[in-house]
Structures are given as structure tokens and as C-alpha cells.
Amino acid sequence: MKGTAVPRTRASPRRRIWISVVVVFVAITVLWAYLYPPQDYTYPVRDWFPSEPTRELTDAETAARVVFRQILSTPPFIPRNPKIAFMFLTPGKLPFEKLWELFFKGHDGRYTIYVHASREKHEHVSPIFIGRDIHSEKVGWGMITMVDAERRLLAKALEDIDNQHFVLLSDSCVPLHNFDYVYDFLMGSRHSFLDCFHDPGPHGVYRYSKNMLPEVRESEFRKGSQWFSMKRQHAMVVIADSLYYSKFRLYCRPGMEEGRNCYADEHYLPTLFHMMDPAGIANWSVTYVDWSEGKWHPRSFRAKDVTYERLKNMTSIDVSYHITSDDKKDLLQRPCMWNGLKRPCYLFARKFYPEALDNLVNLFSNYTIF
């Protein structure tokens, strides 16, 4: 008994055409999404310009905004090995090099280090910091030279195309989490972490000068911590800006008219990004600072203050706080949102005295479990 061959059913030509069309459409869609990710995935710049001003822009404003728009709307280049640039702004030596060496250990190729020593260069005690000093200039507290040093660090770090995120740290900063946590937190975020809020009091808008008009209005003047963490496109905006930088260089300094003291490192970047890309920044810093003592400078932590409980408490805070400097002393609270999810705010902390090094090193593997 011979078997009878069963005839194969073939798809109709019309069906084969439709299948081919669908396959091509899906391939094009995937390729397009890879090359041009959704705007809100990288930088939510569709709302990056406020509707105001209704006045006619100056030529300089028009030119600046064209440049900023081009930078912010261009899809970022994603290198094969994206890195974080850790930029240390210090008067001289870095007392916590041994602690940072523990933090970076085992993660070669995922970070770069840059050191701006504004007064004098010291011998580094950790090999990972040797050869990482950049050309530095003297920095005066509260002066525009502080912003100049930040821009100098950003420019140097931008030379490396693999650097995709840029963190500004001081000599008194310490890590609150392990490297993997910090890397995933920053690289996975859609925003830059730049502190920005409106302070109607003497330490806020009172520092504003009308000489900044017409480019910077009092209603746009903002305040924030200088310790930022920003994406590459925002770092390029800072380097590209000359118009708004010049306003702060000329009209934001200590000892201005009517007894005003303006500090550019607290106002320039918050104001710039509030004007140019308000939806692209998180409005809080990932560096913890304790202002609870109500003084001109934040609280500093000595060796006896460094405990496991205190450090873990810093890592669990999930709300950013500010108090206005006017008579109302309003408490401004902002939940720390990471890509729409509420998460702990801080990756780093300051200010720690050098004497705290041994305690921090001994506790490092415990308080940075995550």
C-alpha cells in the first residue's frame, strides 16, 4: 500500500505581500526607535521653552536659543561603553581618596575622574587619582570663578565622547551607595539632577539685579545647590552659553548695589535651566547637605558623627526640602521622582571633615549595600 502525498497549501500571493509589508513596517519602526528614541525618553524638550516672553527677542537671545534647541533636540550618541565623569572641585588635596578608591574598585572603564585643585596641587594617595588633575585657576567663594571652574571641568570631561553623565563633587563629598547603584540610577534617568526652586526672600530674588534685563527677568530668577549631576546634552548647553553666563558674571556677585550679595554658583545654572529646559531637570540634587542649623554654611560631620544609622538615614530620604528666606519661612517639599517613581534622593553627601575617613572606610561595605 503506497502512501499518497498530501499537497502543500501555499499562501496566496496577496497574503505573502501583506506579510512582507508588515515585516518591513516592524523593522523600520524598530530601527527608527533605536536611532531616534522618543523625546521624553531622553530629554523632555517639547516644553523646554516657556510661552513667555511675548516681547521681541534680541539677536543674541535668538542665536542662543537656536543653539540650545539644536543641542537639546539632537538624539544623543550612545557609545558602546558609556561612562560617568566624576568631577572633583577642591581647594587642594582630596582627603577621601581612599574611600573613593573603594567605591570605584572593580569598575574600570565605566568612569573617569577629573580634579580641579584651585589653590595648590597635592600628591595623590590613591593611584586612580594620579594624572587626573586638569588645568586649574584660583576660585573665590561666592565669585563667578566658581562657575568658571565648573565649566572648565565640564569642557575637559566633554572631550571624552564616552562620558554621558557628569557629576560635580567637592573635597568633602562621600558616596552613599555602591558604584553599580549610582551608575544605574544616573544612566537610567531621563533627567539631569540640578537643584532649582523659587525663593522670594533676601537669599533668593532679592539678589536679582535689573541689569540682567531683558534676557533674565526677576520672575525667572532661581536658586539651588551648586552640586549637580547632568546629562551630556545639558553639559553642552552650559559650555555653549555665553549670553546668560555674561549676565551673571557682570551682575551676580558679592557687594552689589543696595548691599546685595549674589552668588553665581547658587543662581546661574538653576536660572539657566529653568528658562531653557525646565522639564529636563529634576529640580533636586543627588548630593545630601544638612542645612538644619540655619547658618551660612551647612553642617559639617566629624568622626564621632559618622555612624551606620546616620548614613543609612541619609540614603532613605525620599523628599527634597527647602525653606524660603522670607518672613514666612515656607517649607517647600518635593518628592524625589525618578522616571515617574518615588525613590530615595541622595547618592552622595557632604560636608565631612577629613578626620571621618577611617570611620567611613570601616562602614563603607555596610552602608552601601545598595
Side-chain angles (χ1 to χ4, degrees), residues 79 81-118 121-122 124-136 139 146 149-189 191-195 225-236 238-239 265 269 282 285-289 314-315 345-352 354 357 360-361 364 368:
N81 297 307
K83 298 186 294 185
I84 297 176
F86 291 84
M87 308 178 303
F88 291 86
L89 179 57
T90 174
K93 66 178 181 180
L94 292 170
F96 298 110
E97 286 188 14
K98 286 297 183 182
L99 178 64
W100 284 105
E101 185 177 358
L102 287 176
F103 173 78
F104 290 121
K105 186 177 180 180
H107 300 286
D108 293 348
R110 303 174 72 193
Y111 68 89
T112 45
I113 295 173
Y114 303 88
V115 180
H116 186 290
S118 60
K121 294 183 179 180
H122 288 261
H124 295 290
V125 298
S126 171
I128 66 172
F129 284 89
I130 295 176
R132 303 313 304 168
D133 294 273
I134 71 167
H135 169 75
S136 306
V139 173
M146 187 74 76
E150 296 171 4
R151 288 161 59 97
R152 197 173 293 119
L153 279 164
L154 285 172
K156 190 65 178 177
L158 280 167
E159 290 181 343
D160 188 339
I161 192 64
D162 289 338
N163 288 334
Q164 295 296 302
H165 212 101
F166 303 78
V167 181
L168 182 68
L169 300 161
S170 76
D171 55 311
S172 65
C173 284
V174 301
L176 291 178
H177 293 275
N178 63 39
F179 183 89
D180 285 326
Y181 183 98
V182 171
Y183 186 91
D184 293 341
F185 189 102
L186 296 179
M187 288 299 193
S189 174
H191 299 86
S192 290
F193 296 94
L194 193 141
D195 194 26
S225 168
Q226 76 175 107
W227 309 107
F228 60 75
S229 173
M230 63 176 61
K231 289 185 172 292
R232 186 175 183 89
Q233 286 168 300
H234 283 157
M236 293 177 66
V238 176
I239 298 303
D265 58 286
L269 290 181
S285 170
V286 291
T287 299
Y288 173 84
V289 182
M314 292 178 182
T315 65
C345 306
Y346 302 116
L347 305 179
F348 315 101
R350 66 185 303 265
K351 302 173 60 171
F352 289 82
L357 173 62
L360 288 165
V361 169
F364 179 77
T368 61

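Only a predicted model underlies this, so the values are computations on that prediction, with no experimental measurement involved.
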Check: How far does CD1 of Ile130 sit from CD1 of Ile113, to the nearest 0.5 angstrom?
Finding: 11.0 Å
Margin query: Ignoring hydrogens, what is the shortest heavy-atom contact between Arg232 and Leu158? Give both atom names and the distance.
Written below: NH2-O, 2.7 Å
Margin query: Test side-chain contact (heavy atoms from CB on, under 4.5 Å) on Ser170 and Trp227; report intermediate values, then the result.
Written below: CA-CA 8 Å; Ser170 76; Trp227 309 107; 3.3 Å; yes
Note to self: Please identify which of these residues, Thr287, Leu269, Asp265, meets the side chain to side chain contact (heavy atoms under 4.5 Å, CB included) condition with Gln226.
What the structure shows: Asp265
Check: Does Met236 CE have over 12 foreign heavy atoms under 6.0 Å away?
Finding: no
Next item on the list: Kindly give the heavy-atom pair with the smallest separation between Glu97 and Ser126, and that separation in Å.
Entry: OE1-N, 2.9 Å
Checklist line | For Asp162 against Pro79, the heavy-atom pair lying closest together | finding: OD1-CB, 3.1 Å
Next item on the list: Flag the pair Phe103 / Tyr111 as yes when their ring centroid distance falls below 6.0 Å, and as no otherwise.
Entry: no
Item checked: Side-chain heavy-atom pair Phe193, Leu186 within 4.5 angstrom cut-off -> yes
Checklist line | Any donor-acceptor N/O pair, His177 side chain to Tyr346 backbone, under 3.5 Å | finding: yes
Next item on the list: Starting from the C-alpha separation in whole Å, work towards a yes-or-no answer on side-chain contact (heavy atoms from CB on, under 4.5 Å) for Leu347 and Val167.
Entry: CA-CA 11 Å; Leu347 305 179; Val167 181; over 6 Å; no
Next item on the list: Flag the pair Asp180 and Arg110 as a salt bridge only when some basic side-chain nitrogen lies within less than 4.0 angstrom of an acidic carboxylate oxygen.
Entry: yes
Item checked: Pairwise distance CG(Leu102) to CZ(Phe364) - rounded to 0.5 angstrom -> 6.0 Å
Notebook entry, point to check: Any side-chain heavy atom of Leu168 within less than 4.5 Å of one from Met230?
Noted result: no
Notebook entry, point to check: Taking atom types as modelled and ignoring hydrogens, do the side chains of Asp160 and Thr112 form a donor-acceptor contact shorter than 3.5 angstrom?
Noted result: no
Checklist line | Arg350 to Tyr288 six-membered ring, cation-pi geometry met (6.0 Å, 45°) | finding: no
Note to self: Is the shortest side-chain heavy-atom distance between Leu153 and Phe166 below 4.5 Å?
What the structure shows: no
Notebook entry, point to check: Would a distance-only check, ignoring hydrogens and angles, find a side-chain to backbone donor-acceptor pair under 3.5 Å from Asn163 to Ala157?
Noted result: yes
Item checked: Side-chain donor or acceptor of Arg152 paired with backbone N/O of Ser136 under 3.5 Å -> no
Pairs under 3.5 angstrom only: tabulate donor-acceptor contacts from the side chains of residues 84-94 to other protein residues two or more places apart or in another chain.
from  : atom 1 : to    : atom 2 : distance (Å)
Thr90 : OG1    : Gly92 : N      : 3.2
Thr90 : OG1    : Gly92 : O      : 3.3
Thr90 : OG1    : Lys93 : O      : 3.2

Checklist line | Shortest non-hydrogen contact between Phe96 and Ser172, atoms and distance | finding: CE1-CA, 4.1 Å
Next item on the list: Would you check if Ser118 and Met146 make a side-chain contact, meaning some heavy-atom pair closer than 4.5 Å?
Entry: no
Check: Closest heavy-atom contact between Phe129 and His124?
Finding: O-CD2, 3.3 Å
Check: Which atom names give the shortest non-hydrogen contact between His116 and His135, and what distance separates them?
Finding: CD2-O, 4.0 Å
Item checked: Gap between atom CG of Asn178 and atom CZ of Phe104 - 0.5 Å precision -> 12.5 Å
Next item on the list: Starting at OG of Ser229, measure out to CG of Leu169 and round the result to the nearest 0.5 Å.
Entry: 8.5 Å
Next item on the list: Give the intermediate values and the outcome of side-chain contact (heavy atoms from CB on, under 4.5 Å) for residues Leu154 and Phe228.
Entry: CA-CA 11 Å; Leu154 285 172; Phe228 60 75; 4.1 Å; yes
